[in-house]
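These notes concern the structure reproduced below.
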Amino acid sequence: MRVSWPYAVIPFTTLPVPLSHLCKVPSLQSSFPEYQNTYICKAATLGCPVLSSSEDFPLYSYILSRACVLRLPAVSKFSWCIYPLYFCSNSNTMGLSTFPPQSKTDIESYTHEKTRASDTGDEGFITASSSREGVVLESDKSWFFSRLQRFAGSYGVEERGVERVPEDERRDTRASKMGGVWLAANMGMPTFALGAVAVPIFGLGFVDAALIIVLVNILGVLPVCFFALFGPKFGLRQIILSRFWFGHYAVKLIAIFQIITCLGWASVNAIVGAQLLKAVNPDIPGWAGILIVSLATLIICLLGYKAVHFYERYAWIPCFVVFLVVMGAFIKSGEFDSLLPLATGPSERGAVLSYIGAVFGFAVGWSAYSADYSVYQPSTRSTRSTFLWVFSGLTFPLIFVMLLGAAISTALVKNEEYQKHYENAGVGGLMAAVLTPNVEPGFDKACLILVALSIIATNCPNIYSVSFSLQALAKQTQQVPRFVWTIFGTAVYVGIGIPGYNLFETWLETFVLSTGYWLSIYIAIALVEHFLFRGGLRGFSGYDVGDIHKPELLPPGFAAIASCLVGVVGVALGMSQEWYTGVIARLCGGEGHGADVGVWLGFAFTFITYIPLRAVEGSCFGR
């Protein structure tokens with residue numbers, strides 16, 4: 001294996017060489033603030049070769065796995081060497097060894113000593129061999145995972161987990177990639193399904209549904225665009241970025257909610273794909289369709305960031321063509337009814353407010369991990385460019401596809417054939433009812449298969465990002481490679497989706513609203529912290545990336561937790577579900593028809609309470 005510029009970090013406190021032979025490295029400290037107390041040794045003093053920025057240096061696998069290695073940014077005139085180290089099993093100090101090793105015994109005689117998280121800056125993460133940043137092996141178990149990770153990496157699987165992406169590895173020069181990933185993720189059947197339930201589930205007409213779809217989607221994507229700005233600036237996954245707002249420990253609660261969101265959405269999406277496959281061939285059972293969609297998604301997510309972006313960059317094109325065909329076929333059928341009578345009174349008010357919450361929850365659902373898909377963008381990427389690409393990549397498919405679904409659902413009111421297809425195969429059957437009589441035989445099935453496969457693009461962000469939240473839960477889960485958690489997450493949502501196959505419409509309504517509940521609380525705290533307490537109006541100068549792994553420099557999290565609890569009270573008062581309707585929800589809707597306003601009450605309660613609580617917390621703790 002050949003690695004450009006491999007170096008080992010030498011903590012000064014344990015280095016057995018004279019102080020006169022040590023020197024701090026300004027380039028190291030400016031790029032990685034957590035290494036402020038790190039020294040290096042002059043290569044000539046230790047009899048080691050001096051490496052230049054243009055040379056590659058071969059490293060054996062035992063050194064790659066046993067050294068605290070950091071790849072520095074290229075420095076043109078660099079005469080100091082940070083040399084690979086490993087720990088002596090019979091000593092508490094670090095020592096240098098002859099390179100390469102003289103015998104197999106030399107390799108096997110070295111074991112690892114636990115290195116403080118403050119020295120590595122990554123709290124025991126097993127990191128990517130592409131950068132070898134802060135490798136720490138703490139037990140035989142972590143050694144096993146390290147070997148497993150390198151084995152998977154040899155087959156093209158991305159090894160990087162929640163670790164920060166260094167500047168010299170951010171090679172995404174095309175800003176359009178940030179829009180492409182969201183364009184493909186939303187140009188699919190789940191978006192169509194939410195538009196299609198406007199009439200049969202919420203009882204709306206096309207006009208009121210269309211107004212909600214356009215206006216609420218524009219509002220809902222704004223937080224997604226906001227969080228995407230942090231990816232290029234810091235190169236951190238969003239669950240780690242959230243420590244700036246919630247603190248080192250309270251963010252674990254956010255990780256739990258994000259895991260539930262990712263796996264819940266993945267199961268809902270897989271059910272939609274299975275319904276489409278069943279519409280193509282009624283003999284395909286629902287569980288088989290879910291497995292087909294899930295395994296295809298797993299393959300892409302295992303490969304990692306580059307594979308996800310590459311697939312999403314092109315996956316939206318065939319889906320867009322199919323939706324144009326569906327639109328043309330529906331126009332040809334003449335079944336569109338734009339004049340459905342608009343209801344009035346409390347019942348209509350309740351339906352409108354509930355559908356607003358559902359659409360908002362769907363659009364804002366990506367905000368919990370939007371920064372994950374811009375971390376490989378250079379830090380010089382302008383915020384305007386990032387915002388506009390993400391905004392356009394989200395709004396176009398959300399509005400276009402939802403409007404198409406809402407338009408087609410109007411035919412359910414009078415067309416018995418459409419009703420039959422919808423009852424037998426859900427929204428997949430509804431789409432089949434549009435295509436089958438209006439296109440050439442066989443072409444309808446080809447279109448349905450392509451739309452079914454669009455679920456893969458929709459689920460990729462969910463399954464790719466869930467691994468980061470799982471890694472962020474605890475020190476032990478951080479040691480498990482990303483791809484292992486990806487496999488685990490897939491197994492869990494398949495297990496959820498198969499028994500929930502026949503309850504899709506109920507699940508969809510419940511889940512999109514529930515997603516909006518907790519995300520409204522998350523967004524409220526993040527916005528207040530960014531703009532009021534970190535000077536967000538002046539940019540990102542209020543953030544020090546070196547603090548991200550130092551709990552003593554992050555917010556304690558008490559204000560965040562207390563505000564979350566108050567926000568939950570607001571959600572409970574305003575939520576309207578089959579199993580519970582809050583007091584305020586009942587007042588907003590008609591008799592027996594509560595209006596779901598939990599999203600808005602949760603945001604308002606959290607926003608109002610977090611401001612004074614955070615001010616008191618900051619004055620008491622000084623951070």
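Keep in mind the model is a prediction, meaning the values are calculated, not measured. Hydrogens, waters and symmetry mates play no part in the numbers below; they use all other heavy atoms, side chains included.
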Looking at every non-hydrogen atom in both residues, tell me the closest pair between [X] and [Y] and how far apart they are.
X: I239; Y: V251; value: O-CG2, 3.5 Å
X: R381; Y: D172; value: NH2-O, 3.4 Å
X: C301; Y: I463; value: SG-CB, 3.9 Å
X: A472; Y: I240; value: CB-CD1, 4.3 Å
X: L394; Y: C225; value: CD1-SG, 4.4 Å
X: F605; Y: G567; value: CB-CA, 4.1 Å

Quick one: are [X] and [Y] in side-chain contact, heavy atoms under 4.5 Å?
X: L470; Y: T477; answer: no
X: R170; Y: V375; answer: no
X: I455; Y: P190; answer: yes
X: V569; Y: L573; answer: yes
X: V321; Y: L450; answer: no
X: P461; Y: E312; answer: yes
X: W287; Y: V494; answer: no
X: M575; Y: T581; answer: no

Could you tell me whether the side chains of [X] and [Y] share a donor-acceptor contact shorter than 3.5 Å?
X: T606; Y: Y522; result: no
X: D444; Y: T436; result: yes
X: S333; Y: N438; result: no
X: N186; Y: W366; result: yes

Side chain to side chain contact (heavy atoms under 4.5 Å, CB included) between F192 and I408, intermediate numbers included: CA-CA 10 Å; F192 177 88; I408 293 176; 3.7 Å; yes
Within 6.0 Å of OH in Y418, more than 12 heavy atoms from elsewhere: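 For Y418, atom OH is crowded (more than 12 foreign heavy atoms under 6.0 Å).
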Would a distance-only check, ignoring hydrogens and angles, find a side-chain to backbone donor-acceptor pair under 3.5 Å from [X] to [Y]?
X: S370; Y: V224; answer: yes
X: Q238; Y: A228; answer: no
X: Q377; Y: P232; answer: no
X: S354; Y: A351; answer: no
X: S465; Y: N462; answer: no
X: D208; Y: G205; answer: yes
X: S576; Y: D596; answer: no
X: K252; Y: L473; answer: yes
X: W182; Y: F391; answer: no

Working for side chain to side chain contact (heavy atoms under 4.5 Å, CB included), residues F227 and I523: CA-CA 9 Å; F227 290 117; I523 292 167; 4.0 Å; yes
Starting at [atom1] of [X], measure out to [atom2] of [Y] and round the result to the nearest 0.5 Å.
X: I456; Y: L298; atom1: CD1; atom2: CG; answer: 11.0 Å
X: L277; Y: I290; atom1: CG; atom2: CD1; answer: 10.5 Å
X: L303; Y: I299; atom1: CG; atom2: CD1; answer: 8.5 Å
X: L253; Y: W518; atom1: CG; atom2: CH2; answer: 9.0 Å
X: K420; Y: L430; atom1: NZ; atom2: CG; answer: 15.0 Å
X: I212; Y: L219; atom1: CD1; atom2: CG; answer: 13.0 Å

Check the angle between the aromatic planes of [X] and [Y] and answer parallel, tilted or perpendicular using the 30° and 60° thresholds.
X: Y464; Y: Y373; result: tilted
X: H530; Y: F230; result: perpendicular
X: F323; Y: F400; result: perpendicular
X: Y314; Y: F310; result: perpendicular

Sequence neighbours excluded, every pair satisfying ring-ring contact (aromatic ring centres under 6.0 Å, His included) that has a member inside residues 429-459: none
Sequence-distant partners of K233, salt bridge (charged side-chain N to carboxylate O under 4.0 Å, His left out), two or more places apart: none
Residue pair F488, W485: steps toward the ring-ring contact (aromatic ring centres under 6.0 Å, His included) verdict: CA-CA 5 Å; F488 171 79; W485 287 124; 5.5 Å; yes
Step-by-step ring-ring contact (aromatic ring centres under 6.0 Å, His included) determination, Y311 to W316: CA-CA 9 Å; Y311 180 79; W316 68 273; over 10 Å; no
Test salt bridge (charged side-chain N to carboxylate O under 4.0 Å, His left out) applied to R237 and D372, step by step: CA-CA 5 Å; R237 309 291 184 177; D372 295 350; 5.2 Å; no
Contact list for residues 288-298, test side chain to side chain donor-acceptor pair (under 3.5 Å), sequence neighbours left out: S294-Y493
Sequence neighbours excluded, every pair satisfying side chain to side chain donor-acceptor pair (under 3.5 Å) that has a member inside residues 383-408: none
Set of side chain to side chain donor-acceptor pair (under 3.5 Å) partners for N415, sequence neighbours left out: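 Result, side chain to side chain donor-acceptor pair (under 3.5 Å) vs N415: E335.
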Residues which pass side chain to side chain contact (heavy atoms under 4.5 Å, CB included) with P200, listed by chain and number, not counting sequence neighbours: S409, L412, Y422
Working for side chain to side chain contact (heavy atoms under 4.5 Å, CB included), residues S367 and L519: CA-CA 8 Å; S367 62; L519 282 175; 3.9 Å; yes
Criterion side chain to side chain donor-acceptor pair (under 3.5 Å) on Y369 and T261, from CA distance to verdict: CA-CA 11 Å; Y369 38 88; T261 299; over 6 Å; no
Working for side chain to side chain contact (heavy atoms under 4.5 Å, CB included), residues L229 and F387: CA-CA 7 Å; L229 302 179; F387 186 93; 4.1 Å; yes
